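Please read the structure below before turning to the comments.
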Amino acid sequence: MRAAVALLLAAVLCLGGGGAASASPDFDYPAAFNFGDSNSDTGGRIAAGFEPMPPPYGSTFFGAPSGRFSDGRLILDFLMDAMDMPFLNAYLDSLGAPNFRAGVNFAQAGCSITPASATSVSPFSFGLQIKQFFAFKEKVTSLLSKGDRYRRYIPQLDYFSKGLYMFDIGQNDLAGQFYSRTEDQVIASIPTILLEFETGLKTLYDQGARKFWIHNTGPLGCLPQNIDLFGKDPTQLDELHCVAKHNRAAKIFNLQLHALCTKLRGQFAGANITYIDIYSIKYALIGNYSRYGFESPTEACCGYGGPPLNYDGRVPCGQTKSVNGNLVTAKGCSDSTEYVNWDGIHYTEAANFHVTSQILTGKYSDPPFVDKMPFLIKPRF
């Protein structure tokens, strides 16, 4: 895996010139600021004290739980590595001498774009994450005015205008509604969700953000959790045995998100807005998993219940619970590189690496940057 990461790194560092900065990313940023949910949470939810994270989370790369909802690194981690930047510390993580000079991560597992309610999994909605960003920026400005004591730990002021602003959020807005609403109702809510997202982006732009990197949402219907809950009727599944209504809603959300990005390019003078089609990458991975060296596309590596899903919502990954009067434990599989899914909701490090390698081909972005790539990356495990 280290060799494969080195290959990614070498490829991205070759991207230097070519093409106008306003048309495609240049991969040369002094800092990154990330907003999102569990797909890019590097420890925010755990630092907030919402829940413990037991082994085998983090076992593949970190050797212990790292606050990431995976056995190892996330797509965000691989992107940071590819840009020759350190992993982002969570904004709320005050332990372990966190260094925020190269940016900060505001992502929180369970969060949504729309404001949180009393029943929300996380109170740290997109709007609150943006408020945290401005609190962070204000504190940095204050510390820098006091001299050089903290400069090695925090961004320089110009990093806020030169930095990359990354977004991977929206999955919970859609998936959470399916528990109580119809497909038509979920789809009807999408414009409201994206209006909230647009408001947040405009707030950041008005305060100096210029480089935007926006992931769309993945195929929600292919997550073991959703297949287990909503896929018991075979007629509700698509050709990959994923829940069709969840995937239809995700695709409509993505179409409207893409249109929003296109609109904002015309409104945000001097801005670079890159839209990344995560859905297509993940759906292709699930549909062609064996081609990429995986053994199972929709079975959780860490779970309980055995094939075909190895998922039971009563027994979260790494925990021991009583089921029908018996104590059972959701254990990790022996080789996570054979699995696309980690815990029924999130992806394995191996799958995250594959997704990142596809992102960095430039073929799944708008605007595309494939012309900058010296070769096509095809890593295998």
Side-chain angles (χ1 to χ4, degrees), residues 1-2 4-5 8 32-83 85-100 102-111 121-122 124 129 132 166-169 171-172 213 215 217-218 223-225 278 282 300-303 311 316-319 330-333 335-337 339-357 359 381:
M1 180 179 287
R2 288 193 179 93
V5 173
L8 279 177
F33 307 98
N34 185 72
F35 305 82
D37 52 33
S38 59
N39 290 307
S40 61
D41 183 352
T42 57
R45 184 170 180 81
I46 302 304
F50 284 120
E51 60 186 290
M53 178 170 280
Y57 282 97
S59 57
T60 296
F61 180 78
F62 299 97
S66 67
R68 292 160 173 80
F69 288 81
S70 179
D71 60 309
R73 289 162 288 185
L74 309 177
I75 294 170
L76 174 64
D77 294 317
F78 285 120
L79 288 173
M80 296 300 294
D81 197 30
M83 292 187 289
M85 297 172 70
F87 294 159
L88 290 181
N89 287 114
Y91 172 69
L92 294 179
D93 190 0
S94 59
L95 300 177
N99 190 320
F100 298 115
V104 61
N105 189 7
F106 300 94
Q108 271 265 7
C111 80
V121 175
S122 171
F124 294 94
Q129 290 182 27
Q132 290 178 325
M166 309 174 77
F167 308 87
D168 193 329
I169 193 169
Q171 175 172 315
N172 295 318
W213 179 276
H215 289 181
T217 199
L223 299 175
Q225 180 189 60
I278 296 293
K282 289 184 174 180
C301 169
C302 183
Y311 177 82
C317 172
Q319 297 188 29
K331 300 179 180 179
C333 58
D335 186 357
S336 63
T337 64
Y339 290 75
V340 171
N341 194 277
W342 167 244
D343 59 3
I345 305 171
H346 310 98
Y347 284 59
T348 61
E349 176 177 270
N352 286 330
F353 178 82
H354 169 84
V355 173
T356 309
S357 73
I359 291 173
F381 283 84

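All values below come from the heavy atoms of this structure, side chains included, with hydrogens, waters and symmetry mates left out. Fair warning: this is a prediction, and the values are worked out from it, not measured in the lab.
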| said: Measuring only between side-chain heavy atoms, which start at C-beta, is Arg73 closer than 4.5 Å to Asn352? | reply: no

| note | The reported gap from OG1 in Thr337 to CZ in Phe353 (rounded to nearest 0.5 angstrom) is 12.5 Å

| task | Enter the distance from Lys331:NZ to Cys317:SG here, rounded to the nearest 0.5 Å. | result | 12.5 Å

| field | Closest contact, heavy atoms only, Ser122 versus Ala109 | value | CB-O, 3.5 Å

| said: Could you work out, with disulfide bond (SG atoms under 2.5 Å apart) as the rule, every residue matching Cys301, not counting sequence neighbours? | reply: Cys333

| said: Tell me the closest heavy-atom pair linking Lys282 and Gly218, and the distance in Å. | reply: CD-CA, 4.4 Å

| field | Flag side-chain contact, heavy atom, 4.5 Å: Ile169 against Phe35 | value | no

| task | Find the distance between NE2 (His354) and OG1 (Thr348) and round it off to the nearest 0.5 Å. | result | 10.5 Å

| Stepwise side chain to side chain contact (heavy atoms under 4.5 Å, CB included) test for Thr42 and Asp77 | CA-CA 8 Å; Thr42 57; Asp77 294 317; 3.9 Å; yes

| Do Asp41 and Phe124 come close enough that some side-chain heavy atom pair is under 4.5 Å? | no

| request: For residues Pro65 and Pro54, determine if any side-chain heavy atom of one lies less than 4.5 Å from a side-chain heavy atom of the other. | output: no

| query | How close do Met80 and Met166 get, heavy atom to heavy atom, and via which atoms? | reply | SD-SD, 4.5 Å

| field | Asn172 and Val121, any side-chain heavy atoms less than 4.5 Å apart | value | no

| said: Within this structure, what is the CD1-CD distance for the pair Ile46 and Glu51, rounded to the nearest 0.5 Å? | reply: 5.0 Å

| Can you name the closest pair of heavy atoms from Pro224 and Ala300 and give their distance? | CG-N, 4.3 Å

| task | Answer whether the closest heavy-atom distance between the side chains of Ile359 and His215 falls below 4.5 Å. | result | yes

| Knowing that exactly one of Tyr91, Phe100, Phe33, Phe167 qualifies, which makes a ring pair (Phe, Tyr, Trp, His ring centres under 6.0 Å) with Phe106? | Tyr91

| Who are the ring-ring contact (aromatic ring centres under 6.0 Å, His included) partners of Tyr57, not counting sequence neighbours? | Trp342

| field | Where Leu92 and Ala48 come nearest, the two heavy atoms and their spacing | value | CD1-CB, 3.8 Å

| remark: Taking every heavy atom of Arg45 against every heavy atom of Gln108, the minimum-distance pair comes out as CA-OE1, 3.1 Å

| task | Report yes or no: does Asn341 contribute a side-chain atom to a donor-acceptor pair with the main-chain N or O of Asp343 at less than 3.5 Å? | result | yes

| query | How far does OG1 of Thr60 sit from CG of Asp71, to the nearest 0.5 angstrom? | reply | 3.5 Å

| Nearest-0.5 Å distance that lies between atom CG in Asn39 and atom CD in Gln171 | 5.0 Å

| query | Under a 4.5 Å cut-off applied to non-hydrogen side-chain atoms, are Ile278 and Val355 in contact? | reply | yes

| said: Run Ser40 and Asn34 through side chain to side chain donor-acceptor pair (under 3.5 Å) and show every step you take. | reply: CA-CA 8 Å; Ser40 61; Asn34 185 72; 2.9 Å; yes

| task | Determine yes or no for a side-chain-to-main-chain donor-acceptor pair under 3.5 angstrom, with Glu349 supplying the side chain and Ser70 the backbone. | result | no

| With side chains defined as the heavy atoms from C-beta onward, is the minimum distance between Leu79 and Thr356 less than 4.5 Å? | yes

| message | Going by the rule ring-ring contact (aromatic ring centres under 6.0 Å, His included), which residues pair with Tyr311 if we only count those two or more places apart in sequence or in a different chain? | response | none

| message | Applying side chain to side chain contact (heavy atoms under 4.5 Å, CB included) to His346 and Leu74, what does each step give before you reach the verdict? | response | CA-CA 10 Å; His346 310 98; Leu74 309 177; over 6 Å; no

| said: Distance to the ring centre below 6.0 angstrom and angle to the axis at most 45 degrees; does that hold for Arg68 and Phe87? | reply: yes

